[in-house]
Chemist: 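Take a look at the following structure, please.
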Amino acid sequence: MDLRQIRYFIVVCEMRSLSRAGEVLGVSQPSLSRQIQLLEGELRHHLLVRTGRGVEPTEAGLRFLEHAKAIDALAQHARQDMRAFRAPLQNKVRLGMPHRVARRMAPHIVQAFRRQHADAALTLAEGLSSEMNEWLVKDRVDLALLYDPPPSTLVRYESIYREDLVLAYGKACRPVPPPHVRAGDLGAYPLVLPSAPNTIRALVDRTCRALNVTLNIVAEVDVVHTILETMTEESMFTIIPRSALSDMQGQDYLTFSTIVDPTIMNNLTLATPASGPLPPLVEATAQIIRGLDMARLFA
């Protein structure tokens, strides 16, 4: 067996899918399957079993997975240590974040980073939270800010800020919804929402599914700014983070109702690779993010 096969096996178990694991790893599915087969041949055990939804580790696979994680973590730590030995002063950090978060936080992060590390460089990458998660696994970014990421053994998550979602609509909307709308009543409103697997959509779907609420989704639009612009056309509604109402200039025509029973909260997390300690400059960047006044930035 080799380290590549071990890494492939961990990611396949994480994704529960050979095709999804191949996308994350940048490897074709036939090549990935072949490497898993070679690993199984060497271990003399079937490690994965196909299901209607993808693949699952067998009992032997689960047993080997614990060894694989320990070996992979040790290998990652060794790589980081040797990089630090070759170049003790890392001079570049790669940070990923969603577009809306970048507009609010990037200027403050860059300014603080520049003050504290004038001899280093900070590279910012923007994308969807799901993309950022994959970039961490692929080592394309050193740390990332993500909304409501799925559980992962490959990535370590730290909650940074939680914000409630609200029911937004135009001020000309008639009849005017009450100031507080129960989550159980959200099915009464024609909604424009992002399509799955958007994190806002996932939060709303999960909450309404638990309440046995069927949503009336009249359109799916993935860009928040475009969603808000549709609110001027007729009496339509959307569900967005409270701070998103102030992200565009000239949106005095919009208002909102607070969602209650229950409140739907998103979760902005700081994500870092789970294998080993962070390099000093990456940890220093994480400390800058932790030190920001998030309530003021998202007010």
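Along the sequence shown, the residues carry numbers beginning at 1.
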Chemist: Please identify each residue that fulfils side chain to side chain donor-acceptor pair (under 3.5 Å) with Asp164, with sequence neighbours left out.
Modeler: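 Arg242.
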Chemist: Closest heavy-atom contact between Ala274 and Val155?
Modeler: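 In terms of heavy atoms, the two residues are closest at CB-N, 3.8 Å.
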Chemist: Do Ile217 and Val204 sit in the same hydrophobic cluster, where Ile, Leu, Val, Met, Phe, Trp and Tyr count as joined when their side-chain heavy atoms come under 4.5 Å apart?
Modeler: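 Looking at the clustering, Val204 is in the same group as Ile217.
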Chemist: Is any side-chain heavy atom of Arg7 closer than 4.5 Å to one of Leu154?
Modeler: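 Result yes, sub-4.5 Å side-chain heavy-atom pair found.
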Chemist: Is Leu297 linked to Leu270 within one hydrophobic cluster, defined over Ile, Leu, Val, Met, Phe, Trp and Tyr using a side-chain heavy-atom separation of less than 4.5 Å?
Modeler: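 Yes, Leu297 connects to Leu270 through the hydrophobic network.
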Chemist: Report the distance from atom CE of Met97 to atom CG of Leu143, rounding to the nearest 0.5 Å.
Modeler: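 The distance works out to 8.0 Å.
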Chemist: Using the side-chain contact (heavy atoms from CB on, under 4.5 Å) criterion, which residues pair with Ala60? Sequence neighbours excluded.
Modeler: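 Expected list: His45, Thr58.
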Chemist: If you look only at pairs with a residue in residues 144-175, which of them pass as a ring-ring contact (aromatic ring centres under 6.0 Å, His included), with sequence neighbours excluded?
Modeler: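 Passing the test, one end in residues 144-175: Tyr161-Phe298, Tyr169-Phe237.
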Chemist: According to a hydrophobic-cluster definition based on side-chain heavy atoms being under 4.5 Å apart (Ile, Leu, Val, Met, Phe, Trp, Tyr only), do Leu254 and Val218 belong together?
Modeler: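 Yes: a chain of side-chain contacts under 4.5 Å links Leu254 to Val218.
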Chemist: Is there a path of hydrophobic side-chain contacts, each under 4.5 Å between heavy atoms of I, L, V, M, F, W or Y residues, that connects Leu191 with Val260?
Modeler: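 No, because Leu191 and Val260 fall into different hydrophobic clusters, even though each may have its own neighbours under 4.5 Å.
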Chemist: When rounded to the nearest 0.5 angstrom, what distance separates CZ in Arg182 from CD1 in Ile259?
Modeler: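 Between Arg182 CZ and Ile259 CD1, I get 12.5 Å after rounding to 0.5 Å.
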Chemist: Answer whether the closest heavy-atom distance between the side chains of Val110 and Leu124 falls below 4.5 Å.
Modeler: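 They are in side-chain contact.
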Chemist: Can you give me the closest heavy-atom contact between Ile200 and Ile239, atom names plus distance?
Modeler: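 Result for this residue pair: CG2-O, 3.5 Å.
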Chemist: Nearest 0.5 Å please: distance from the CD atom of Gln111 over to the NE2 atom of His108.
Modeler: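 Here the interatomic distance stands at 7.0 Å.
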Chemist: Run Arg20 and Glu134 through salt bridge (charged side-chain N to carboxylate O under 4.0 Å, His left out) and show every step you take.
Modeler: CA-CA 10 Å; Arg20 285 286 296 119; Glu134 293 186 3; 2.9 Å; yes
Chemist: Can you measure from CD1 (Ile264) to CG (Leu186) and round to the nearest 0.5 angstrom?
Modeler: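 The CD1 atom of Ile264 sits 6.0 Å away from the CG atom of Leu186.
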Chemist: Consider side-chain contact (heavy atoms from CB on, under 4.5 Å). Of Val55, Leu47, Leu25, which one does Val12 pass it with?
Modeler: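 One option only clears the test, and that one is Val55.
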Chemist: Give a yes or no on whether Glu59 atom CD has more than 12 heavy-atom contacts from other residues, nucleotides or ligands under 6.0 Å away.
Modeler: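 No, because the 6.0 Å sphere around CD of Glu59 holds 12 heavy atoms or fewer from other groups.
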Chemist: Report yes or no: do Ser243 and Arg100 form a side-chain donor-acceptor pair below 3.5 Å?
Modeler: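 Per modelled atom types, Ser243 and Arg100 side chains form a pair under 3.5 Å.
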Chemist: To the nearest 0.5 Å, what is the distance between CZ on Arg104 and CG on Leu268?
Modeler: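 The distance works out to 11.5 Å.
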Chemist: For Arg290 and Gln287, run side chain to side chain donor-acceptor pair (under 3.5 Å): C-alpha distance rounded to whole Å, both residues' side-chain angles, the deciding distance at 0.1 Å, then the answer.
Modeler: CA-CA 5 Å; Arg290 296 183 186 111; Gln287 284 295 97; 2.4 Å; yes
Chemist: Taking the side chain as every heavy atom from C-beta outward, state whether Thr199 and Leu128 have any pair of such atoms under 4.5 Å apart.
Modeler: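 No - every pair of side-chain heavy atoms lies 4.5 Å or more apart.
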Chemist: Less than 4.0 angstrom from a charged side-chain N to a carboxylate O is my criterion; do Asp205 and Arg201 meet it?
Modeler: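 Yes, Asp205 and Arg201 are salt-bridged.
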Chemist: Of all heavy-atom pairs between Thr238 and Val192, which one has the smallest distance, and what is that distance?
Modeler: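 That closest heavy-atom pairing would be OG1-O, 2.6 Å.
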Chemist: With rounding to the nearest 0.5 Å, note down the distance linking CD in Glu14 to OG in Ser152.
Modeler: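 Answer rounded to 0.5 Å: 3.5 Å.
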Chemist: Apply the side-chain contact (heavy atoms from CB on, under 4.5 Å) test between Pro57 and each candidate in Arg16, His46, Arg63; give the one that qualifies.
Modeler: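 In the set Arg16, His46, Arg63, the residue that makes a side-chain contact (heavy atoms from CB on, under 4.5 Å) with Pro57 is Arg16.
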Chemist: Testing the basics here: between Arg94 and Asp139, what is the closest heavy-atom pair and its distance to 0.1 Å?
Modeler: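 Minimum heavy-atom contact is NH1-O, 2.8 Å.
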Chemist: Report yes if the side chains of Phe9 and Ile36 come closer than 4.5 Å at any heavy-atom pair, otherwise no.
Modeler: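 Heavy-atom side-chain distance check passes, below 4.5 Å.
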Chemist: May I have the step-by-step check of side chain to side chain contact (heavy atoms under 4.5 Å, CB included) for Ser33 and Leu18, ending in yes or no?
Modeler: CA-CA 7 Å; Ser33 297; Leu18 285 166; 3.7 Å; yes
Chemist: Identify the heavy atoms of Pro107 and Ala102 that sit nearest to each other, and give their distance.
Modeler: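 The answer is CD-O, 3.8 Å.
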Chemist: Ile240 and side-chain contact (heavy atoms from CB on, under 4.5 Å): which partner among Leu167, Leu193, Leu165, Leu245?
Modeler: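 One option only clears the test, and that one is Leu245.
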Chemist: Which heavy atom in Asp261 sits nearest to a heavy atom in Ala183, and how many Å separate them?
Modeler: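 That closest heavy-atom pairing would be O-CB, 3.8 Å.
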Chemist: Check the surroundings of atom CZ in Arg34: do more than 12 heavy atoms from other residues, nucleotides or ligands lie under 6.0 Å from it?
Modeler: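 No, the 6.0 Å shell around CZ holds no more than 12 heavy atoms from other groups.
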